[in-house]
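Side chains are part of it too, since the values below use all heavy atoms of this structure and drop only hydrogens, waters and symmetry mates. All chains are named by letter (A, B, ...) in the order of the sequence lines, taking the proteins before the strands, and each is independently numbered beginning at 1.
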Amino acid sequence: MLIFNTMTGKKEDFIPLQRETIGMYACGVTAYNHCHIGHARSAVVFDVIKRYLQYRGFNVKYVRNFTDIDDKIINKAEEEGTSWDAVARKYIDEFYSDMDRLGVSKADVEPRATGHIEDIIEVIKILIDKGYAYEVADNDNKSLYFSVDRFPEYGKLSKKQKGELMAGARACVDEKKKNPIDFALWKASKKGEPWWESPWGRGRPGWHIECTAMAIKHLGESIDIHGGGADLIFPHHENEIAQSEALTGRPFVKYWMHNGFITINKEKMSKSLENFFTMREILDKYNAEAVRLFLLSSHYRSPIEFSHEQLHDAESSLDRYYSTKARMDEFLSMSTGVQKKAIYSAELEDFVSKFKNKFESAMDDDFNTALAIGHIFELAREINKFLDLRPSGETAETLIKMARDMLSATGSVLNLFGKTHLEWNADLLKTKKIPLSVDDIVARVDERQIARQNKEWAEADLIRKGLEDKGIILEDKRDGTSWKVNVS
RNA sequence: GGCGGCGUACCCAAGGGGCUAAGGGAGAGGUCUGCAAAACCUCGAUGCAGCGGUUCGAAUCCGCUCGCCGCCUCCA
């Protein structure tokens, strides 16, 4: 298995630190606003990485944090006239509901900064003892900073030179810092701000330190994989490395993984440019599974241009997949095991025999989900071709069963393609806000079936037209009529 | 300015020295059908931003040019 390591800038063989369990940490969200599709991408990408590692037989302990205290949360609370913890709770709940719809499962541990104040304080104490941190008085309380000059390897992840950083450092630097690029470990509490008691008075943790404290607490001093969005490389992950390696004297992370951005008009989606789409808005318009497919249809490190058209295309393509699935299920449920005529199955057999390998080598190559999905659709096409031959008999049945099982095994790594045709369409009724239930539709189809049997074509056409106007398409087949939601 | 990345058909996108340049969407033709739609099948880049070079061989490596983006500041 190859993983692209941001630290070395190369794809490297994945060799875990220890045999038993892989430690994986991904930086989650700061809970101060609705999450947007960029946050979702990161969550989906690491969800798939975790799933594939498990598929490959590794035990994985996956930790994803929530930042539930920081300046933005405090500001938001002031804006909304509530407390900081109410803000954090609200957006964490919302994050969970969005992620749930996207099929992102929970991490094994989901620590929050405010739940680890003691651990953070312990870490800072050690950093002081080792001479990496210094205090700055701020009225009655004290702030603590990490002294970047004490850590010679600073910049090794982001490939930055300390000198250049200084030149580019912000104008409004805290003049109490020894070096403009030093960063806060602990912030003295200002009036009206939330605070925790510490050896340095009342204050709260800086941003970066929570990840150091929580990663080490839950995964140990050295972890296999640490990831997040590419915008976290600097300064967040650079600072994490400095703190953590200063603390333990050991390498913090073996493989650093970073996902690319979502762009709009080629520009990074960001709050300051006000060019973001929240997951709320997107899930209101598009099917959640289609959004997940859209996100996984590009390699995780490539930028993805946000596009309504592509989101819609993803729905169409999923719809086609589920049609194939319906054909397979139907074939298997109707199959009698008796072979009526000779079948030509060599091509499908060939595809089925190679499929698992193709899927795995795609995923083994730095989690190439786009290629893997391509293979899945290729197999679907072969299945359709085979089914077009109207096969029968045990050989055909076995083959289709095998294909279906493989599709479901690989689909579950991506957490895609797992529904039945009916579930997919029932889901689409909701996405497309069609005011009909499955039962309503089935009742109308049954009515129409009677009309058809009596050759009352006008009546049958009327029913079909009525459903069509509501976005339901009827498909007449040899042995009955099936329905589906029109995605186009 | 420093560092990094991108440019593949109408749109999206994989590939990253030699196999017919995956896959999806759109489009066109066909099969099926009471009619129709859907579905399904087939077709779709002699060419991978441009120009040079290396090589028996380049979309893939090297150089230059053009266009675009990211990080260097809170950011997934």
Self-check item: Single hit among A/I400, A/L332, A/D388 for side-chain contact (heavy atoms from CB on, under 4.5 Å) with A/R327
Solution: A/D388
Quiz item: What nucleic acid atoms does A/K266 come within less than 4.0 Å of, heavy atoms only: base, sugar-phosphate, or nothing?
Solution: sugar-phosphate
Quiz item: What is the glycosidic conformation of B/G44: syn, defined as within 90° of 0, or anti?
Solution: syn
Practice problem: Kindly indicate whether the side chain of A/D476 and the base of B/C35 share any N or O donor-acceptor pair separated by less than 3.5 Å? | Solution: yes
Quiz item: Among A/E315, A/K285, A/M279, which one satisfies side-chain contact (heavy atoms from CB on, under 4.5 Å) with A/V291?
Solution: A/M279
Self-check item: A/V253 side chain near A/I225 side chain, heavy-atom distance below 4.5 Å
Solution: no
Quiz prompt | Interatomic distance, A/L232 CG vs B/G4 P [rounded to whole Å] | solution = 20 Å
Exercise. Could you verify whether a donor N or O on one side chain and an acceptor N or O on the other, from A/N265 and A/N275, lie under 3.5 Å apart?
Key: no
Self-check item: B/C64 and B/U54, which share atom name C1', separated by this distance in whole Å
Solution: 15 Å
Quiz prompt | Flag for A/T67-A/E210: side-chain donor and acceptor within less than 3.5 Å | solution = yes
Practice problem: Pick base, sugar-phosphate or nothing for A/G228, based on heavy-atom distances below 4.0 Å to the nucleic acid. | Solution: sugar-phosphate
Quiz item: Can a salt bridge be assigned to the pair A/D138 and A/K187 using a cut-off of 4.0 Å between side-chain N and carboxylate O?
Solution: no
Quiz item: Any side-chain N or O of A/N384 less than 4.0 Å from the OP1 or OP2 oxygen of B/A39?
Solution: no
Exercise. Could you tell me whether A/I233 contacts a base, only the sugar-phosphate backbone, or nothing, with contacts defined as non-hydrogen atoms closer than 4.0 Å?
Key: nothing
Quiz prompt | Summary of ring pair (Phe, Tyr, Trp, His ring centres under 6.0 Å) pairs that have at least one residue in residues 290-321 of chain A, sequence neighbours excluded | solution = A/F277-A/F306, A/F277-A/H308, A/Y286-A/H308, A/F306-A/H308, A/Y321-A/F417
Quiz item: Charged N to carboxylate O below 4.0 Å: is that the case for A/K178 and A/D149?
Solution: no
Quiz item: Nearest to the side chain of A/R448 - B/C35, B/G24, B/C71?
Solution: B/C35
Quiz item: For B/C40, does either OP1 or OP2 sit under 4.0 Å from a side-chain N or O belonging to A/R327?
Solution: no
Practice problem: Please work out if A/G28 contacts a base, only the sugar-phosphate, or nothing of the nucleic acid, heavy-atom cut-off 4.0 Å. | Solution: sugar-phosphate
Practice problem: Please work out if A/K484 contacts a base, only the sugar-phosphate, or nothing of the nucleic acid, heavy-atom cut-off 4.0 Å. | Solution: sugar-phosphate
Quiz item: Between residues 455-466 of chain A and RNA chain B, which residues have a heavy-atom gap below 4.0 Å?
Solution: A/W457, A/D461, A/R464
Quiz item: When the ring planes of A/H237 and A/W256 are compared, do they come out parallel, tilted or perpendicular, using 30° and 60° as the limits?
Solution: tilted
Quiz item: Charged N to carboxylate O below 4.0 Å: is that the case for A/E193 and A/R204?
Solution: yes
Self-check item: Integer angstrom distance from the P of B/C51 to that of B/C66
Solution: 15 Å
Self-check item: P spacing across the pair B/G25 / B/A59, given as an integer number of angstrom
Solution: 28 Å
Quiz prompt | Length of the CG-C1' vector between A/L371 and B/C12, whole Å | solution = 15 Å
Quiz item: Under 3.5 Å, is there an N or O donor on one side and an acceptor on the other linking the side chain of A/R301 and the base of B/G70?
Solution: no
What pairs of nitrogen or oxygen atoms, one from the protein and one from nucleotides 8-10 of chain B, lie under 3.5 Å apart?
none

Quiz item: If the P atom of B/U73 is compared with that of B/C68, how far apart are they to the nearest Å?
Solution: 24 Å
Practice problem: Report yes if a side-chain nitrogen or oxygen of A/S302 is closer than 4.0 Å to either non-bridging phosphate oxygen (OP1 or OP2) of B/A14; otherwise report no. | Solution: yes
Quiz item: What is the distance, rounded to the nearest whole Å, between atom CG of A/N265 and atom C1' of B/C12?
Solution: 16 Å
Practice problem: Return the value, rounded to whole Å, for the distance between atom NE2 of A/H258 and atom C1' of B/A76. | Solution: 10 Å
Exercise. Please determine, by modelled atom types, if A/S97 and A/E94 share a side-chain donor-acceptor pair under 3.5 angstrom.
Key: no
Quiz item: Is the closest basic N to carboxylate O distance between A/E468 and A/R464 below 4.0 Å?
Solution: no
Quiz item: A/I49 has an atom CD1; how far is it from atom C1' of B/A76, in whole Å?
Solution: 13 Å
Practice problem: Can you tell me, in whole Å, how much space there is between the C1' of B/G30 and that of B/G47? | Solution: 28 Å
Quiz prompt | Shortest non-hydrogen separation from A/N259 to A/S42 and the atoms involved | solution = OD1-OG, 2.9 Å
Quiz prompt | A/Y91 and A/D68 side chains, donor-acceptor separation under 3.5 Å | solution = no
Exercise. For A/L474 and B/G34, give me the distance from atom CG to atom P, rounded to whole Å.
Key: 15 Å
Quiz item: Between residues 304-319 of chain A and RNA chain B, which residues have a heavy-atom gap below 4.0 Å?
Solution: A/E309, A/Q310, A/D313, A/S316, A/S317
Quiz item: Counting any heavy atom closer than 4.0 Å, what does A/D231 reach on the DNA or RNA strands: base, sugar-phosphate only, or nothing?
Solution: base
Quiz item: B/A37, B/G23, B/C69: which one has an atom nearest the side-chain heavy atoms of A/E267?
Solution: B/C69
Quiz item: Touch check for A/H299, heavy atoms < 4.0 angstrom, all strands: base, sugar-phosphate only, or nothing?
Solution: sugar-phosphate
Quiz prompt | Distance below 4.0 Å between A/R452 side-chain N/O and B/G34 OP1 or OP2 | solution = no
Self-check item: B/G18 versus B/A58 - spacing of their C1' atoms, nearest Å
Solution: 10 Å
Quiz item: How would you label the contact of A/F294 with the nucleic acid (heavy atoms, under 4.0 Å): base, sugar-phosphate, or nothing?
Solution: nothing
Practice problem: Under the salt bridge (charged side-chain N to carboxylate O under 4.0 Å, His left out) rule, collect the residues that match up with A/R41, sequence neighbours excluded. | Solution: none
Practice problem: Taking atom C1' in both B/G7 and B/G15, compute the distance separating them and give it to the nearest angstrom. | Solution: 15 Å
Quiz item: At under 4.0 Å, does any side-chain N or O of A/R381 touch on OP1 or OP2 of B/G23?
Solution: yes
Quiz item: Can you list the stems that RNA chain B is part of, where a stem is at least 3 pairs in a row, each Watson-Crick or G-U, with both distances below 3.5 Å?
Solution: B:1-7 with B:66-72, B:10-12 with B:23-25, B:27-31 with B:39-43, B:49-53 with B:61-65
Practice problem: May I ask you to verify if any side-chain N or O of A/N486 is less than 4.0 angstrom from the OP1 or OP2 atom of B/A38? | Solution: no
Quiz item: Taking NZ, NE, NH1 and NH2 as the nitrogens, is one of them in A/D476 or A/R452 under 4.0 Å from a carboxylate oxygen of the other?
Solution: yes
Exercise. Measure from the side-chain heavy atoms of A/K385 and tell me the nearest of B/G24, B/C41, B/A76.
Key: B/C41
Quiz item: Name the one of A/I441, A/I472, A/D440 that satisfies side-chain contact (heavy atoms from CB on, under 4.5 Å) with A/I434?
Solution: A/I472
Exercise. Select base, sugar-phosphate, or nothing to describe what A/E475 touches, counting heavy atoms under 4.0 Å on all strands.
Key: base
Quiz prompt | Charged N-O contact under 4.0 Å between A/R404 and A/D329 | solution = yes
Quiz item: Which whole-number value in Å describes the distance from A/L389 CG to B/C41 P?
Solution: 11 Å
Quiz item: C1' atom, B/G1 versus B/A14: distance in rounded Å?
Solution: 35 Å
Practice problem: Answer with base, sugar-phosphate or nothing: what part of the nucleic acid does A/L387 contact at a heavy-atom distance below 4.0 Å? | Solution: nothing
